[in-house]
Amino acid sequence: MLLAAVGLSGCNTNAIYGDDLYNPPVYWGSHVVKPGETLYGIAWRYGRDYRELGDANGLAPPWNIKAGQVLRLDRKGTIRQTAQASSPPRQSAPAPRPTASTRATAPPASRTAPKASAPASQTRSVSQVASDIRWNWPHSGTVIANFSESGKVNKGIDIAGNPGDAVKAAANGSVVYAGNGLLGYGNLIIVNHNEHYLSAYAHNRKILVQEGEEVKAGQVIAELGSSGTDKPMLHFEIRRNGNPVDPARYLPRR
């Protein structure tokens, strides 16, 4: 291990992020920027927050980097916290639902008031407000692998589907990465939702959006595929300040 560390001290090889059993963040070595790479994609690869990694290398918004630039991974930067950042994410805040006062607005003798709760229930199955973001399922398929931080590490969830199925943005945001430069992810899209949350959509057959494009929740952003894996599926991740979190805490219950 010592020899390996010495050998990689100048520039990390693919092994550092290609091993499924190795779980970043990485705080050693360096990375030489390749053409087309973004700080978002590089930070995702090494399990770092893009703001922290940028600060560690003397960068500032809009986090511009250029090919050939060396990013030091052995330095730790600072994330400029805000009041919102200091509050923990709400894990299960439900979407608005009818209350007694809402139902009271219906005609007193009407029997339609109880039925009014049905659409609200359906809405909660489609979207969920958590951490001030309204989250939606990116695909309606069956979850075949859950989030796991031990054993066989899975930094997100895997959702079964058929090639060509629509992959949808889980929430409003901006596309900060669209490409296939991250090993193990195939054709990957990363969406920035706010200063704390990113989501990722991997193994796509076809990417339908471009970097810098604004997307809306439910918008089709890709076609489901098997790039970077052995069967058709969507690998979906949510990261808070660069750290993988369990999407089940944010997505609505089915």
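With sequence neighbours excluded, the residues satisfying ring pair (Phe, Tyr, Trp, His ring centres under 6.0 Å) with Y40 are Y50. The salt bridge (Lys or Arg N to Asp or Glu O under 4.0 Å) search around D165 returns none, not counting sequence neighbours. A search for ring pair (Phe, Tyr, Trp, His ring centres under 6.0 Å) contacts involving H139 returns nothing, not counting sequence neighbours. Remark: E237 engages R239 in a salt bridge (Lys or Arg N to Asp or Glu O under 4.0 Å) (not counting sequence neighbours). Looking at residues two or more places apart in sequence or on another chain, you find no salt bridge (Lys or Arg N to Asp or Glu O under 4.0 Å) involving D158. For the side-chain hydrogen bond (donor to acceptor under 3.5 Å, both in side chains) test, residues two or more places apart in sequence or in another chain that qualify with R72 are D74. Under the rule for a side chain to side chain contact (heavy atoms under 4.5 Å, CB included), the partners of D55 that lie at least two apart in sequence or sit in another chain are T78, R80. Partners of S150 according to the side chain to side chain contact (heavy atoms under 4.5 Å, CB included) rule, which considers only residues two or more places apart in sequence or in another chain, are S148. For N154, there are no side-chain hydrogen bond (donor to acceptor under 3.5 Å, both in side chains) partners, not counting sequence neighbours. Residues satisfying the side-chain hydrogen bond (donor to acceptor under 3.5 Å, both in side chains) criterion with N187, sequence neighbours excluded, are absent altogether.
With H193 contributing its side chain and L198 its backbone, the two residues share no donor-acceptor pair below 3.5 Å. Under the 3.5 Å distance criterion, the side-chain polar atoms of W135 are matched with a main-chain donor or acceptor of A130. Under a 3.5 Å cut-off, the side chain of N194 and the backbone N or O of H196 do form a donor-acceptor pair. Checking side-chain atoms of S227 against main-chain N and O of N204 turns up a donor-acceptor pair under 3.5 Å.
Proximity of N136 to P252: side-chain heavy atoms (C-beta onward) are nowhere separated by under 4.5 Å. For the pair L251 and I157, the minimum side-chain heavy-atom distance is below 4.5 Å. In this structure the side chain of L53 reaches within 4.5 angstrom of the side chain of L39, judged on heavy atoms. A heavy-atom distance below 4.5 Å is not found between the side chains of I159 and T142. Contact annotation: the side chain of V167 never approaches that of K206 to less than 4.5 Å [non-hydrogen atoms, C-beta and beyond]. At a threshold of 4.5 Å between non-hydrogen side-chain atoms, the residues I189 and E213 do not count as touching. Between D246 and I238, the closest side-chain pair of non-hydrogen atoms is not below 4.5 Å.
Residue Y185 is not grouped with residue I144 when hydrophobic side chains (ILVMFWY) are merged at heavy-atom distances under 4.5 angstrom, including chains of intermediate members. Hydrophobic clustering places I221 together with Y250 (ILVMFWY residues linked when any side-chain heavy atoms are closer than 4.5 Å, directly or through intermediates). By the criterion of side-chain heavy atoms lying less than 4.5 angstrom apart, applied directly or through intervening Ile, Leu, Val, Met, Phe, Trp or Tyr residues, F236 is not grouped with L208; the two fall into different hydrophobic clusters.
Looking at every heavy atom in both residues, K34 comes nearest to A67 through C-CB, 4.2 Å. Scanning all heavy atoms of the two residues, the minimum distance from G161 to P232 falls at O-CB, 3.6 Å.
In this structure, K66 does not pair ionically with E37, as no charged nitrogen and carboxylate oxygen lie closer than 4.0 Å. Using a cut-off of 4.0 Å between Lys/Arg side-chain N and Asp/Glu carboxylate O, E195 and R51 are scored as salt-bridged.
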Report the C-alpha distance between Y201 and S199 in whole Å, list the side-chain angles of each, state the deciding distance to 0.1 Å, and finish with yes or no for side chain to side chain donor-acceptor pair (under 3.5 Å).
CA-CA 7 Å; Y201 314 75; S199 63; 2.8 Å; yes
Does the pair R75 and Y27 meet the rule for a side-chain contact (heavy atoms from CB on, under 4.5 Å), with working shown?
CA-CA 7 Å; R75 296 174 177 172; Y27 289 106; over 6 Å; no
Test side-chain contact (heavy atoms from CB on, under 4.5 Å) on N57 and V70; report intermediate values, then the result.
CA-CA 9 Å; N57 285 272; V70 177; over 6 Å; no
Intermediate values then yes/no, side-chain contact (heavy atoms from CB on, under 4.5 Å), I65 and L59:
CA-CA 8 Å; I65 56 177; L59 302 176; 3.7 Å; yes
Show me, pair by pair, the donor-acceptor contacts under 3.5 angstrom made by side chains of residues 168-183, not counting sequence neighbours?
unit_1 : atom_1 : unit_2 : atom_2 : d
N172   : OD1    : A217   : N      : 2.7
Y177   : OH     : G181   : N      : 2.8

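Atoms CD and CD1, on E52 and I79 in that order, are 6.0 Å from each other to the nearest 0.5 Å. With rounding to the nearest 0.5 Å, the separation of CG in N243 from CZ in R48 is 11.0 Å. Between H235 atom NE2 and K155 atom NZ the span is 7.5 Å, to the nearest 0.5 Å. Here the OG1 atom belonging to T229 is positioned 11.0 Å from the CG atom belonging to L234, to the nearest 0.5 angstrom.
The one candidate from N192, N241, I133, D132 that meets the side chain to side chain contact (heavy atoms under 4.5 Å, CB included) condition with Y197 is I133.
For H31 and Y46, the ring centers are positioned less than 6.0 Å apart.
Listed by first then second residue, pairs satisfying side chain to side chain donor-acceptor pair (under 3.5 Å) with a partner in residues 216-226 read R205-E223, not counting sequence neighbours.
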